[in-house]
4 protein chains.
Amino acid sequence: MSDEPAFQTPVTIQKPKQQRSIARYHHILDTAATMFVRHGYEQVGTNQIAAEAGVSVGSLYRFFSDKEAVVDALAERYIEGITARLPDVFPPGVPMPDLVGGMLSGLFIFARDNPAFDHLLTTTQTGAVARASVRMHLTIEAWVARMLSHYHPHLSEPQRQLCAASGMGIVKGMMTMAHPPDSVPFEVVQREMVSALMAYVGSFVARNPPG
Amino acid sequence: MSDEPAFQTPVTIQKPKQQRSIARYHHILDTAATMFVRHGYEQVGTNQIAAEAGVSVGSLYRFFSDKEAVVDALAERYIEGITARLPDVFPPGVPMPDLVGGMLSGLFIFARDNPAFDHLLTTTQTGAVARASVRMHLTIEAWVARMLSHYHPHLSEPQRQLCAASGMGIVKGMMTMAHPPDSVPFEVVQREMVSALMAYVGSFVARNPPG
Amino acid sequence: MSDEPAFQTPVTIQKPKQQRSIARYHHILDTAATMFVRHGYEQVGTNQIAAEAGVSVGSLYRFFSDKEAVVDALAERYIEGITARLPDVFPPGVPMPDLVGGMLSGLFIFARDNPAFDHLLTTTQTGAVARASVRMHLTIEAWVARMLSHYHPHLSEPQRQLCAASGMGIVKGMMTMAHPPDSVPFEVVQREMVSALMAYVGSFVARNPPG
Amino acid sequence: MSDEPAFQTPVTIQKPKQQRSIARYHHILDTAATMFVRHGYEQVGTNQIAAEAGVSVGSLYRFFSDKEAVVDALAERYIEGITARLPDVFPPGVPMPDLVGGMLSGLFIFARDNPAFDHLLTTTQTGAVARASVRMHLTIEAWVARMLSHYHPHLSEPQRQLCAASGMGIVKGMMTMAHPPDSVPFEVVQREMVSALMAYVGSFVARNPPG
DNA sequence: TATGAATGAGTATTCATTCAT
DNA sequence: AATGAATGAATACTCATTCAT
């Protein structure tokens, strides 16, 4: 007749420490990433992911508390990945086009190795996917803002924010060119993107001069 | 939701001919559009749309063969709308920035009157939503390509295609700036978008000179 | 990119008003009652109930928001039933044994017609079932307390409460005699129950005399 | 959880012979008992029991063939416990109220030391829990019947059975008074229970006189 | 022997679609 | 034509049980 509510989870969900578990964890995540890109987050079931990954649903739920946790983990992985590839400091003497070019080069390599990266970054969906996307967006945007204040220290905070936001818009928008219906080759996209960004920043600075 | 131009059959089950039917059809579509924007296509049920629109599910299914047909019809409506607003011929003597500015101005007004327009245009989803998005994308892109060949007739077909695709990427990417997390005011987005586009096209032409 | 939470349920769950619906509603409830008695609340699935009742799960969920709502409805039905059978006022001149006998007689008839009634009343489970049980328990107990204050007005409030609680214990405990392993016939149970109650109340009043 | 008397095999997979094993076995059982009372048999998982007991699920399954075996073992333990506390022979000269009082006193102490005892005895559930409950019920009922034939040898076998069954009903029913929603203190319950039992038996004997 | 990761059948619940009224 | 009750396949998630280490 008593009625205590649920108690502590018997088996805590956690990132695995053992070799075997780590492999499984990443394998599931990779499988999920591929499927999300191919069919869309909503269309992919946890049972399907597990089956495709060759594990049981139970195993999936050992690593991920629920379906949303899968996208969250994906975003986290991507945020770590790009953070590691984005330079912390800006070495003096490097011209901005070179830096931006190098940065985008790294981004494209990362995107090619992680199929769901740009899908997640450029999505406009709601819910968990949106939250994941926003986290990734803000991570990169913050870096862009820092870079802008390095090269154009005279820009005010709002100016820098706006320019960074526009840059993100250009990057994200042009990334989708690589997919249907345009299907522009990655290298070409990258080249045009650098041009577009540099041209835009140039015009932005011209329109917002020092003093 | 603004005055819609002449009616033309989308993928509906039957053309509503009666006054009442036409009103119903549009009302359902308007309701669906609002709900899709607010909660996302996957999160919105046909029963919910019908309830919110104040009609029965049965009525909804009288106009739309299935849920996908709703997005299809929405896309069709938007394609008609922008087609009507995009000039068929390019009057001589109008400088490109003015034309692009005018076109974007019209686009933004249309987007403001049709809440799901940019949502659908900029989505990266799969399935029916993606197909709807692609149709809209190609419609605008074709116009952009024609405009480019008007102002820069020396560009080869592939060059024109690439430039148009990039332009579309910039437009779509920067449109999302108006929404969280950046939430840049529409007018600002529009202004920056013109700059970005003109700067990009300028650099593109410079890199792809005649001869 | 927006993300509004869930909105109003499109089809509200409600007790049906139409003839057909009412029949369905009660049929599902009857089926569920029988199955709960036979296999236990936890062991019976909503799909099973629906199948056994010859309707679809969807129909079940049209009437009941979730599985708990089924027990709740059952309890409500039973509470209404016994409330209707419990006299509101105590006519003067009726000796207590007669009144208690009559009351128990009604209770047993009701229990015979509603197989899950005593199962639910006498359960000691947790959760929704417990809550349903408690509601039924308190309904009857309140009546018993009122009856006690009618026949033995000198009893203090706590005394009346205790005596009523004990009475409920005796009633509930002895009701289970009708089921295995004892399987005592209902009439016999009823007869012994009246004896036990009268004997107990007699001893209680003797131990708690007026003044 | 009180000192348990001599060990005897329940439905376990194997008798734990080693000191360590015996300790583990009892510890798991104690843990399970507490959890069953607090959350209900169905709500408690084997993994949870093991985790709470600080052992692995595998260890739990070494001692118990399945989840049902845990309740079975619990019942067995309780049956042993009360059997040891119920006098085998009835010393002459002890009045029935004293004997009953003493017996209930022992029962309440046992119940206080073994939290799941009355929970299991008074449950009306199906399945394994019901079977465990019935075994405990019959054990005590047999003793009551023997006691009745000691004090009232003239009662026929069926009369004795009926009176014993009623007594069990009263005991079990009134035991639940100690829990919500009545929450009567244990001592009070015990006192009222003796009264109720003696009053009932008195009335029963009066209604079933010798000859 | 002990461990706890892995399994997968099973459960509650939703929602696109149909069709009798 | 319109309605909305009814359908049932599909989905996220749980948990008793096994077995390789």
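Each chain gets a letter, A, B and so on, in the order its sequence line appears, and its residues count up from 1. Scope of the values below: all heavy atoms of this structure, side chains included, with no hydrogens, waters or symmetry mates.
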| query | Base, sugar-phosphate, or nothing: which does A:G45 touch, judged by heavy atoms less than 4.0 Å apart? | reply | sugar-phosphate

| message | From C-beta outward on A:T46, which listed nucleotide comes closest to its side chain: F:dA12, E:dA6, F:dT7? | response | F:dA12

| note | Ranking F:dA5, E:dA16, F:dT14 by distance to the side chain of B:V57, first place goes to F:dA5

| said: Heavy atoms only, 4.0 Å cut-off, all strands: where does D:V70 land among base, sugar-phosphate and nothing? | reply: nothing

| said: Any strand counts, and the cut-off is 3.5 Å on both contacts for Watson-Crick or G-U wobble. Which nucleotide pairs with F:dT17? | reply: E:dA6

| query | Is a donor-acceptor pair below 3.5 Å formed from side chain A:N47 to base F:dA10, judging by atom type as modelled? | reply | no

| said: With a cut-off of less than 4.0 Å, is there a side-chain N or O of D:Q48 near OP1 or OP2 of F:dC15? | reply: no

| request: Would you classify B:R24 as touching base, sugar-phosphate or nothing, given that sugar-phosphate means primed atoms plus P, OP1 and OP2, and contacts are heavy atoms under 4.0 Å? | output: sugar-phosphate

| request: Could you work out which one of F:dT17, E:dA6, E:dA16 sits closest to the side chain of D:D66? | output: F:dT17

| Of A:S59 and C:Y41, whose closest DNA chain E nucleotide lies nearer the 5' terminus? | A:S59

| Using the ring of each side chain (for Trp, its six-membered ring), is C:F64 parallel, tilted or perpendicular to C:Y25, with breaks at 30° and 60°? | parallel

| field | Donor-acceptor under 3.5 Å (A:T126 side chain, B:H39 main chain) | value | yes

| query | Is a side-chain donor or acceptor of B:S133 paired with a backbone partner of B:V129 at a separation under 3.5 angstrom? | reply | no

| remark: Ranking E:dT7, F:dA12, E:dA2 by distance to the side chain of A:K67, first place goes to F:dA12

| said: Whether D:R135 and D:E76 form a salt bridge (side-chain N of Lys/Arg under 4.0 Å from carboxylate O of Asp/Glu) is what I want to check. | reply: yes

| request: Searching all strands shown, indicate the nucleotide that pairs with F:dA1 (Watson-Crick or G-U wobble; both distances under 3.5 Å). | output: none

| task | Among E:dT3, F:dT3, E:dA16, find the nucleotide with the atom closest to the side chain of B:S56. | result | F:dT3

| remark: 5'-most contact on DNA chain E (nearest-nucleotide basis), C:E68 vs A:G54, goes to A:G54

